[in-house]
Novice: 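Dropping a structure here in structure tokens format, bear with me for questions.
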Amino acid sequence: MGVRALGLPERLPTAAGLPERVTIWEVGPRDGLQNESSVVPVEVKLEFLDRLAMSGLTTVEATSFVRPEWVPQLADAETLLERLSPLDGVRYPVLVPNRRGLERALAAGVSDIAVFASATETFARRNLNSGLDEQFAMFEPVVTRARAEGLDVRGYVSMCFGDPWEGPVDPGQVVRVGRRLLDLGCTQLSLGDTVGVATAGSVEALLDAFTADGVDVGVLAVHFHDTYGQALANTLAALRRGVTTVDASAGGLGGCPYAESATGNLATEDLVWMLEGLGVRHGVDLDALVDASVWMAGQLGRPSPSRVVRALAG
Ligand code: HMG
Ligand code: MG
């Protein structure tokens, strides 16, 4: 049964105070699958990527070129990209932490990469085996070379709102980390609520802190994990502040292997449902996306946590 038959209205005028269009940055194949207890076969990953692209998503984060011992779930990055049949008009960014990762990514022919910084010392050590300041020394040659090669470089900032080891994180600290990434040459910043503790007020406060520092909201993306059920409310707050790039994960897959309390990302289907209702364009066929997530849930052997997937999959 199509979603229209289930009561989602035909396209509405865009609600006041919201952007006309949002770019969904799909992270399921990377943020989702990096956190699975088992390694998903490369054939399954390839079909998942194809189904996501066919649903209308135009940015599908495919994998990571990190140290395979750290994230064995994504150790097949070369094979995956070699066998991927990219769909025209779709970008397939990959995560790259260091020079070695960039060499691997360039050899695989990627055109979009993302470095991933931490806003806190503890998480920098746990996730990157690096200090808060040292992480920039690791990223500097990566961003410089990638930009010289004509690549787009996203800079993630993790633990933007709270950190399980250090507690609440000061927005000023996040802005300092984000600013350093922009100064290195990153073309976009994705503000990560790695453990899902943000609420709408803290999202507004952080976005306002970036704006007060002179950062154009157009370069900011938001990346919410849904641990406390706040991801959609947080997204709406960010849209009202002018953010137009939203990260989400098909079926609500996700987490971070180096942040135990991280659960799944905002589910892409939940995001699409909300955007439809608000008249914000997104370009995704919700039925096709739900099919992809139901299929993936079957491969993983457990139901999707997404409310919209559960409602529509019947
Ligand atoms: P390290 O162990 O300190 O590595 O890891 P090293 O620099 O000391 O090198 C040791 C060996 O590893 C060397 O080999 C290197 O060549 C090799 P040897 O000389 O001993 O034979 N090596 C590599 N091999 C392949 N690819 C590489 C690579 N790098 C080194 N890229 C490192 C440091 C940064 C590599 C490690 O900590 C790492 O890979 N971390 C990644 C952890 C990760 O992927 N976390 C999840 C993604 S972040 C996230 O999920 C948050 C996000 O979603 C946003 C949010 O939610 O907030 C983005
Ligand atoms: Mg994440």
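Remember, it's 1-based here, ligands and their atoms both numbered in the order they're listed.
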Novice: Return the option from Q135, R67, Q34 holding the heavy atom at the smallest distance from atom 11 (C) of ligand 1.
Specialist: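 Looking at heavy atoms only, R67 sits closest to atom 11 (C) of ligand 1.
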Novice: Do the side-chain N and O atoms of T199 and Q230 include a donor-acceptor pair separated by under 3.5 angstrom?
Specialist: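 Q230 and T199 do not have a side-chain donor-acceptor pair below 3.5 Å.
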Novice: Does R30, backbone or side chain, put an N or O under 3.5 Å from an N or O of ligand 1?
Specialist: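 Yes; the residue has a nitrogen or oxygen that sits under 3.5 Å from a nitrogen or oxygen of the ligand.
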Novice: Residue-level breakdown please: for T194 versus ligand 1, do any non-hydrogen atoms fall below 4.0 Å on the side chain, on the backbone, on both, or on neither?
Specialist: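 Both backbone and side chain.
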Novice: Which bit of H225 gets closer than 4.0 Å to ligand 1, counting heavy atoms only: side chain, backbone, both or neither?
Specialist: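 It is the side chain that touches ligand 1; the backbone stays farther off.
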Novice: Of all the atoms in ligand 1, which lie at a distance below 4.0 Å from a heavy atom belonging to G101?
Specialist: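 Those of ligand 1 that fall under 4.0 Å from G101 are 31 (N).
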Novice: Considering only NZ, NE, NH1 and NH2 on the basic side and carboxylate oxygens on the acidic side, decide whether E36 and R302 come within less than 4.0 Å.
Specialist: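 Salt bridge flag = yes for R302 with E36.
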Novice: What's the spacing between L102 CG and L151 CG if we round to 0.5 Å?
Specialist: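 Between L102 CG and L151 CG, I get 7.0 Å after rounding to 0.5 Å.
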Novice: So, are D133 and R180 salt-bridged, with charged N and O less than 4.0 Å apart?
Specialist: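 Salt bridge: yes.
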Novice: Give the contacting part of V71 toward ligand 1: side chain, backbone, both or neither, where contact means a heavy-atom distance below 4.0 Å.
Specialist: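 Within the 4.0 Å criterion, V71 contacts ligand 1 through side-chain atoms alone.
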Novice: What atoms of ligand 1 come closer than 4.0 angstrom to any heavy atom of L128?
Specialist: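 Taking each heavy atom of L128 in turn, ligand 1 has 33 (C), 34 (C), 37 (O) under 4.0 Å.
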Novice: Is any NZ, NE, NH1 or NH2 atom of the basic residue among D226 and R307 found under 4.0 Å from an Asp or Glu carboxylate oxygen of the other?
Specialist: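 No, D226 and R307 are not salt-bridged.
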Novice: If you look at D31, which of its N/O/S atoms is nearest to the Mg ion (ligand 2)?
Specialist: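 Minimum-distance N/O/S atom of D31 relative to the Mg ion (ligand 2) is OD2.
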Novice: In sequence, state the C-alpha distance, the side-chain angles, and the governing distance for Q34 and S64, and then conclude on side-chain hydrogen bond (donor to acceptor under 3.5 Å, both in side chains).
Specialist: CA-CA 9 Å; Q34 76 180 9; S64 295; 4.7 Å; no
Novice: Does D193, backbone or side chain, put an N or O under 3.5 Å from an N or O of ligand 1?
Specialist: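 No, there is no polar N/O contact under 3.5 Å.
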Novice: Need the atom name: nearest N/O/S atom of H225 to the Mg ion (ligand 2).
Specialist: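 Atom name returned: NE2.
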Novice: Can you tell me if CE on M138 sees more than 12 non-hydrogen neighbours from other groups inside 6.0 Å?
Specialist: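 More than 12 within 6.0 Å, yes.
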Novice: Students often mix this up, so state it plainly: with edges at 30° and 60°, are the rings of F123 and W165 parallel, tilted or perpendicular?
Specialist: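 Answer is parallel, since the angle falls under 30°.
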Novice: So does D247 have any N/O/S atom less than 2.8 Å away from the Mg ion (ligand 2)?
Specialist: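 No - counting backbone and side chain alike, D247 has no N, O or S atom under 2.8 Å.
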Novice: Would you call E47 and R51 a salt bridge, taking side-chain N to carboxylate O under 4.0 Å as the test?
Specialist: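 Looking at E47 and R51, the cut-off is met.
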Novice: Determine, step by step, whether D208 and R241 satisfy the salt bridge (Lys or Arg N to Asp or Glu O under 4.0 Å) criterion, reporting the C-alpha distance in whole Å, the side-chain angles of both residues, the deciding distance to 0.1 Å, and the verdict.
Specialist: CA-CA 8 Å; D208 290 348; R241 283 292 197 267; 2.7 Å; yes
Novice: Does atom CD (E149) have a neighbourhood of more than 12 heavy atoms from anything else shown, all under 6.0 Å?
Specialist: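 Buried by this count: over 12 neighbours within 6.0 Å.
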Novice: Going by distance only, is there an N or O of N98 that falls short of 3.5 Å from an N or O of ligand 1?
Specialist: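 Yes; at least one N/O pair falls below 3.5 Å.
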Novice: Ligand 1 and F65, any nitrogen or oxygen pair closer than 3.5 angstrom?
Specialist: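 Yes; the residue has a nitrogen or oxygen that sits under 3.5 Å from a nitrogen or oxygen of the ligand.
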Novice: Heavy atom to atom 42 (C) of ligand 1, shortest distance: which of V66, N35, N127 holds it?
Specialist: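 Closest candidate by heavy-atom distance is N127.
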Novice: Is it true that P68 lies under 4.0 Å from ligand 1, counting heavy atoms only?
Specialist: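 Yes, P68 has a heavy atom closer than 4.0 Å to ligand 1.
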Novice: Distance under 4.0 Å to a non-hydrogen atom of G192: what atoms of ligand 1 satisfy this?
Specialist: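 Checking each atom against G192, I get 57 (O).
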Novice: Give the atom numbers and elements of ligand 1 that come within less than 4.0 Å of a heavy atom of D31.
Specialist: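 Ligand 1 atoms under the 4.0 Å threshold to D31: 50 (O), 53 (O).
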